[in-house]
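Working notes, beginning with the structure itself.
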Amino acid sequence: MVFFKMKTGISSLRLSALAFALLSAFSVHAQSESSGTLKEVVVTANRSEQLLTDAIPNTTVIGRDVIDRSQATDLASLLASEASIQFTQNGGRGSSASIYLRGAASLQVLVLVDGVSLTRQDTTGSVGVENIMLDQVDRVEIVRGNVSAIYGSGAIGGVIQIFTRAATGKPIAYASVEIGSLSSLRSSAGISGNFENTKYTLGVGQHKTDGFSAMSPKQYPLENPDADGFKNTNYNFGLSHEILKGQSFGLRAQGSDGEFDFDGSGFGTIQDVYKGRSTLNTWQLFSHNQINKAWGSKLTYSESRDRSVSDALKAPTFAYYSDAITKNKTSNWTNTIAIDEWLITTGIENQNQSINTYDQTSLTLNRSRDVMSIFGGLSGYLGAHSFQLNARNDKASSLDGNNTGYFGYGYQLNPSFKLLASSSTAFNLPPLGYLYDAANGNPNLQPETARSSELGLQWANDGQVFRATSFTTNTSNLLEYDLNANKFSNISNVVNKGVELSYSGNFNTAKLKASLTSQEPINQTTGKRLDRRPATMASVGFSIPVSEWNFGADIRYTGSRPDTTNTLPAYSVLDLKARYSVTKEIDLTARIDNALDEDYQTIYGYSQARRAGYVGLVWKQK
């Protein structure tokens with residue numbers, strides 16, 4: 001397969017020319033479903049429902065039907081082929097993973113589950129995405145780019161929001177089981193429905209695998225070559241009741257508990273044993289009230305709890321133990337008022353963030369802070385012109401307040417083509433661990449700040465959507481670990497200029513998606529590209545029905561990238577999948593991950609899984 005590079009910072013004229021050329025090819029061959037992508041609804045781009053093609057930020061929706069066709073097991077494998085998204089992982093399933101979106105690190109990417117923030121407050125500041133299985137997921141929405149003015153701290157690279165399964169009306173039950181390589185076993189079951197004015201949903205799932213030894217023996221010959229296993233149990237529960245028409249309240253809860261083995265950092269011995277545990281739980285109480293025809297109100301109280309344990313007491317060389325618990329308690333009141341073609345959004349939010357840690361040296365960290373926020377937005381249309389304006393103020397304990405804004409504009413050139421532009425500002429609070437960790441904390445840290453601009457072209461026609469976006473993000477006071485000072489510091493500024501191309505649609509009965517990202521996130525202090533960020537990423541995927549069968553394939557490419565003093569080579573990974581409908585309710589599934597048996601690493605020294613095969617059985621009540 002031949003991949004090509006585009007010069008970062010491509011001019012708008014060249015971008016438009018490329019877009020029109022590609023669209024011409026699509027228009028000749030493409031057939032589509034009238035009820036396809038054009039009618040996809042998205043919530044995250046503007047905190048309220050709108051058609052995907054009306055969203056000004058570059059947004060993707062991955063529905064449950066796409067998740068089922070992909071046969072993906074976890075969030076990382078589902079999103080790995082999406083435009084501008086990259087994952088790194090120090091081992092196999094369950095080992096620590098990081099997400100990058102438009103070159104922004106995990107600390108700068110906000111991950112939500114049903115609106116509940118998952119950001120850790122420990123010295124990683126990341127999210128345990130490696131422990132988010134797809135058993136309980138209904139859909140995922142990805143908003144690329146700076147949207148701090150909508151969601152506050154942590155949305156410099158964008159927002160990934162996970163919506164769990166919920167009752168939709170008639171009773172539905174499902175169950176699945178899958179077995180495969182590395183003694184893997186996956187199973188799930190659930191039910192949802194309604195009884196008069198009460199809706200309910202309940203689901204459970206479990207994953208097990210013996211795993212493999214991730215640490216490369218060529219690079220680290222002294223590491224323990226034992227297989228690193230993984231076990232995950234997850235659940236989802238929801239209950240809501242409509243008292244009167246338009247007046248409902250309810251409870252939602254979801255969580256996962258993962259136990260895993262992992263390899264060391266290259267400095268241990270062959271006898272070392274490392275184990276970890278990651279537990280993630282969220283719950284929320286909510287009241288949704290339609291005050292009148294124009295005014296809607298949503299009141300929620302939510303909590304998330306993230307516990308991360310690393311147990312290396314059986315590693316004689318560098319024995320250690322750590323236990324970190326992050327909690328986020330959030331009260332939010334959001335109101336929307338619809339007036340003709342305009343929607344006004346206002347709200348207030350209070351978040352209490354806390355961290356409680358312990359390690360084998362008896363060093364502890366027990367800190368908390370409150371973040372008070374007020375936000376507002378206006379979106380609507382004036383003929384062919386569309387607008388989105390958002391403003392937000394966030395005030396965290398002991399830090400100055402942060403004001404952020406978003407201005408987006410769209411112009412409908414004709415029924416198919418739309419020009420898009422936006423300008424926005426963002427900020428990112430240093431995690432409590434960065435500030436107050438006993439060994440490496442720095443209480444003088446300042447929040448990261450960012451300024452972004454985008455220019456794009458969208459083509460949407462009969463279920464097909466093509467989007468080309470040129471973006472620039474300037475980030476100041478980058479939060480990083482300073483090896484010289486042995487503490488966290490604001491040590492540099494970063495500029496990332498890039499281009500995203502993405503397409504989704506149908507060719508006759510086949511479903512196709514493709515993406516290409518070219519970027520150059522440069523540290524302005526060193527003049528070098530940031531570690532582990534490729535200049536080029538690309539993917540192509542398709543799904544073809546043939547009688548009772550459905551065949552699919554996804555191939556993704558990641559270019560070479562620096563990793564401290566090393567360079568990680570480029571790689572391409574091909575996944576194959578098939579599905580056979582035995583009856584209207586029962587399907588047989590099969591897939592081969594990494595079908596070409598690519599030997600590659602996303603972190604220096606840690607190999608990723610080689611070729612593996614899986615077969616399964618899926619039942620869904622219809």
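Between the R561 side chain and the P569 main chain, a donor and an acceptor come within less than 3.5 Å of each other.
Contact check for R369 versus L432: side-chain heavy atoms found under the 4.5 Å cut-off.
Salt bridge present: R591 and D593 bring a charged side-chain N and a carboxylate O closer than 4.0 Å. At a threshold of 4.0 Å, the pair D563-R532 counts as salt-bridged, since one of the basic side-chain nitrogens sits closer than that to a carboxylate oxygen. Looking at R64 and D138, no side-chain N of the basic residue comes within less than 4.0 Å of a carboxylate O on the acidic one, giving no salt bridge. Salt-bridge annotation for R556 and D575: present, with a side-chain N of the basic residue lying under 4.0 Å from a carboxylate O of the acidic one.
Side chains of E303 and Y301: a donor on one and an acceptor on the other come within 3.5 Å. One side chain, N232 or N131, offers a donor N or O that lies under 3.5 Å from an acceptor on the other. For the residue pair S183 and D210, a side-chain donor N or O sits within less than 3.5 Å of a side-chain acceptor on the partner. Side-chain polar atoms of S81 and D554 form no donor-acceptor pair below 3.5 angstrom. There is a side-chain donor-acceptor pair under 3.5 Å between E141 and T44. For the residue pair E500 and S84, a side-chain donor N or O sits within less than 3.5 Å of a side-chain acceptor on the partner. Side-chain atoms of Q621 and E585 include no donor-acceptor pair closer than 3.5 Å. Using a 3.5 Å distance cut-off with no hydrogens or angles, the side chains of T60 and R144 do pair a donor with an acceptor.
Within the structure, the ring-ring contact (aromatic ring centres under 6.0 Å, His included) test picks out no pair touching residues 70-120 (sequence neighbours left out).
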Could you walk me through whether Q86 and M537 satisfy the side chain to side chain contact (heavy atoms under 4.5 Å, CB included) test, starting with their C-alpha distance in whole Å, then the side-chain angles of each, then the deciding distance to 0.1 Å, before giving a yes or no? CA-CA 8 Å; Q86 171 205 1; M537 296 179 287; 3.8 Å; yes
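Because its NZ or CZ atom is not both nearer than 6.0 Å to the ring centre of Y600 and within 45° of the ring axis, R610 does not count as a cation-pi partner of that residue.
By the 30° and 60° cut-offs, the orientation of the rings of Y274 relative to Y320 is tilted. Using cut-offs of 30° and 60° for the angle between ring planes, the W549 and F551 rings count as parallel.
Here D74 contributes atom CG and H207 contributes atom NE2; the two are 8.0 Å apart, rounded to the nearest 0.5 Å.
Paired with E480 under the rule side chain to side chain contact (heavy atoms under 4.5 Å, CB included), one option of D482, L478, L483 passes, and it is L478.
Here F260 and F230 keep their ring centres 6.0 angstrom or further from each other.
Across A105 and R533, no two heavy atoms sit closer than the pair CB-NH2, 3.6 Å.
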